[in-house]
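Here is the structure we will look at.
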Amino acid sequence: MKVGGPVRESEVSEYRLGLTCPFMETLQLTAPRFGTPRSDRPTRGDTVEAASLLIGRTRFLPWQRHVSDVANEIDPETGLLHYETVVIVVPRQQGKTTLLEPTLVAAALRRPDVDVVYTAQDRQMSKRRLIDELADKRLARRSELSGTFKVRRSNGSESIRWENGSQITTVANTDEAGHGLTLDLACLDEAFSHDDLTVVTALEPTTITRPDPQVWIVSTVGDGSDGLLQHYQELGESSLSDPRSKIAYFEWSATDDDDRDDPATWARVMPSLGLTIDPERIRGRRATLTPEVFDRAYLCRRPSFELSAKLPSGAWERCASPCQLDLGPSQLVIALDVAADRVSTSVAVAGLSTSTGQLAVLTHSIPSVSAAAVDEIRTLIGRLGPSRVLADRRAGAGALIDALALAGIPISEVSASQLVSHCGAMFDAIVANELHHDSQPALDAAARAALSRPLGDSWAWDRRRSPVELSPLLAATHAVGAHRAMFGVSTGLGIY
């Protein structure tokens with residue numbers, strides 16, 4: 001095979017000889033749940049499989065060949081690639097790496113002076129995949145490629161540079177990714193690790209002047225915070241009903257109703273099952289992994305709120321009970337929290353219940369984070385005379401804290417250790433059914449769907465990953481936690 005030149009079917013056949021088993025020719029494609037069909041347009045898919053044979057002596061599995069054939073379809077009128085964006089959503093360990101590696105190499109060798117970028121979830125993993133695995137374990141071991149490429153290992157500029165002037169480079173996952181480059185192919189692997197479109201927004205403009213560029217988005221699903229991948233899944237599903245779409249979309253995944261314990265589900269969702277993956281291994285993983293981890297890794301299904309939420313199922317509902325806050329002379333604590341989108345401020349007041357004399361907390365939302373919020377909070381504080389007012393600067397309340405300080409209202413700032421302590425106190429009281437709340441919609445939604453994140457040796461509510469706004473819950477958590485720390489724990493604790 002001539003490196004850097006066009007690849008003929010006869011040359012592909014040369015690499016097939018002696019390298020495959022006869023049964024490979026009769027393997028059936030496991031159809032994707034959603035998938036762009038193969039058209040009658042010609043394709044460069046065979047050149048990508050030829051690159052796979054060249055670098056690893058490996059034939060494509062049926063799903064890999066299908067994706068490669070469709071993604072590399074050529075417009076017969078222009079001779080250029082038909083699809084501009086390729087999106088692949090597939091469970092773990094199905095062979096996406098052995099599809100991506102030859103895709104990168106084939107693009108670099110297709111013609112001179114091609115620029116290809118590969119990026120994974122972080123720069124270290126990008127370097128490992130491109131340099132340690134592709135360059136050192138695959139390319140460097142092929143005698144046919146000796147002298148045709150050089151590897152640059154300088155930190156921050158790792159690349160594989162070919163004798164035809166093409167290069168495959170890694171970039172950081174930032175809003176400056178790819179700046180200064182003009183790209184023919186940008187491949188974003190492990191897309192689940194991105195909660196927004198920052199890296200794609202940086203990479204896509206770099207392809208605009210090339211004759212037939214492509215952007216590949218490849219991943220298994222995330223935990224619900226994978227905003228970038230969800231965006232492309234929506235685009236991909238819509239593209240299937242649009243014959244003019246320039247998106248090639250492929251998704252192997254389970255439905256919400258599929259039984260995770262049914263081998264028939266595994267067979268529909270894992271296109272490499274029985275080929276490179278032993279079903280018994282999957283059975284073993286199912287026995288040892290939690291449902292949410294198994295769903296995401298092997299069924300390409302995001303965990304449901306019921307599986308991933310921090311609070312045990314039903315714990316919050318069992319605490320529902322009407323309660324009123326004693327606004328007379330009592331021990332009151334006020335906590336403030338600013339919503340992630342900065343359009344509202346949650347206020348929680350913790351004090352004693354008029355009916356039981358136990359702790360209760362009232363939450364209120366102010367549709368402002370600026371002057372109007374400051375005025376309303378000042379009025380509330382003046383009326384209630386709390387023992388303490390607190391907020392977390394690190395959680396976005398810094399401007400509010402400073403504005404209140406200028407207005408003569410000192411705010412106690414929540415430390416990391418206090419955040420952990422408050423979250424633990426809130427959790428313990430809910431699980432022990434010591435709290436009572438009045439089913440306020442915003443607080444209910446936050447409590448039911450809130451996820452957690454590690455913090456030191458403990459945990460805290462995770463605002464970024466949780467699927468709903470946590471501001472009411474965070475304010476209530478700080479009010480309850482601080483009150484219990486200041487005045488002690490009383491039985492029959494209630495939340496309103």
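Atom set for the values below is all heavy atoms of this structure, side chains included, hydrogens, waters and symmetry mates excluded.
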Looking at [Y] and [X], is any side-chain nitrogen of the basic one under 4.0 Å from a carboxylate oxygen of the acidic one?
X	Y	value
D278	R283	no
R463	E469	yes
E101	K137	no
D75	R41	no
D184	R110	no
D189	K96	yes

Before giving the answer on side-chain contact (heavy atoms from CB on, under 4.5 Å), spell out for I131 and D136 the whole-Å C-alpha distance, their side-chain angles and the decisive distance to 0.1 Å. CA-CA 6 Å; I131 305 302; D136 294 344; 4.2 Å; yes
Heavy-atom count check: over 12 atoms from other residues, nucleotides or ligands less than 6.0 Å from [X] [atom1]?
X	atom1	value
R453	CZ	yes
D256	CG	no
K246	NZ	yes
N155	CG	no

Minimum heavy-atom distance [X]-[Y], with the two atoms named:
X	Y	result
W266	F294	NE1-CZ, 3.9 Å
P271	W252	CB-NE1, 3.8 Å
S166	V114	OG-N, 2.8 Å
D462	S452	CB-C, 3.7 Å
S344	V369	O-CG1, 3.4 Å
L183	A186	CD1-CB, 4.2 Å

Between [X] (side chain) and [Y] (backbone), is there a donor-acceptor pair under 3.5 Å?
X	Y	value
Q64	G95	yes
T169	V117	no
S219	A191	yes
E190	A120	no
S415	Q418	yes
T477	C423	no
D212	G79	no
S466	L451	yes
S159	R161	no
D258	T255	yes

Using 0.5 Å steps for rounding, measure from the [atom1] atom of [X] to the [atom2] atom of [Y].
X	Y	atom1	atom2	value
L99	S68	CG	OG	6.5 Å
L130	R123	CG	CZ	10.5 Å
Y249	L240	OH	CG	8.0 Å
L61	T98	CG	OG1	6.5 Å
T170	R152	OG1	CZ	10.5 Å
D46	E49	CG	CD	8.0 Å

Is there a side-chain contact between [X] and [Y] (heavy atoms, below 4.5 Å)?
X	Y	result
L29	R65	no
F427	L311	yes
H478	L336	no
V87	L235	no
R38	E73	yes
I247	D242	no
R44	V48	no
I217	L228	yes

Take L145 and I55 through the side-chain contact (heavy atoms from CB on, under 4.5 Å) test and state the conclusion after the steps. CA-CA 9 Å; L145 296 176; I55 69 176; 4.3 Å; yes
Evaluation steps, side-chain hydrogen bond (donor to acceptor under 3.5 Å, both in side chains), between T220 and R92: CA-CA 6 Å; T220 189; R92 294 184 61 186; over 6 Å; no
Any chance you could lay out the side-chain hydrogen bond (donor to acceptor under 3.5 Å, both in side chains) test for D337 and S471, step after step, and finish with the verdict? CA-CA 6 Å; D337 190 82; S471 185; 3.0 Å; yes
Please check if the distance between the ring centroids of F250 and W63 is under 6.0 Å.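 Ring centres of W63 and F250 not closer than 6.0 Å.
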Verify salt bridge (Lys or Arg N to Asp or Glu O under 4.0 Å) between D226 and R296, making sure each step is shown before the conclusion. CA-CA 12 Å; D226 50 340; R296 181 185 165 211; over 6 Å; no
Before you tell me yes or no, could you show the steps for V67 and I88 under side-chain contact (heavy atoms from CB on, under 4.5 Å), namely the whole-Å CA-CA distance, both residues' side-chain angles and the distance that decides it to 0.1 Å? CA-CA 8 Å; V67 168; I88 306 170; 3.6 Å; yes
Does the side-chain contact (heavy atoms from CB on, under 4.5 Å) test come out yes or no for C300 and V89, once each step is laid out? CA-CA 8 Å; C300 220; V89 182; 3.5 Å; yes
Identified salt bridge (charged side-chain N to carboxylate O under 4.0 Å, His left out) counterpart of R286 within the set D262, D259, D261: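 That would be D261.
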Not counting sequence neighbours, which residues clear side chain to side chain contact (heavy atoms under 4.5 Å, CB included) with A416? List them please.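 Per chain and number, A416 pairs via side chain to side chain contact (heavy atoms under 4.5 Å, CB included) with R394.
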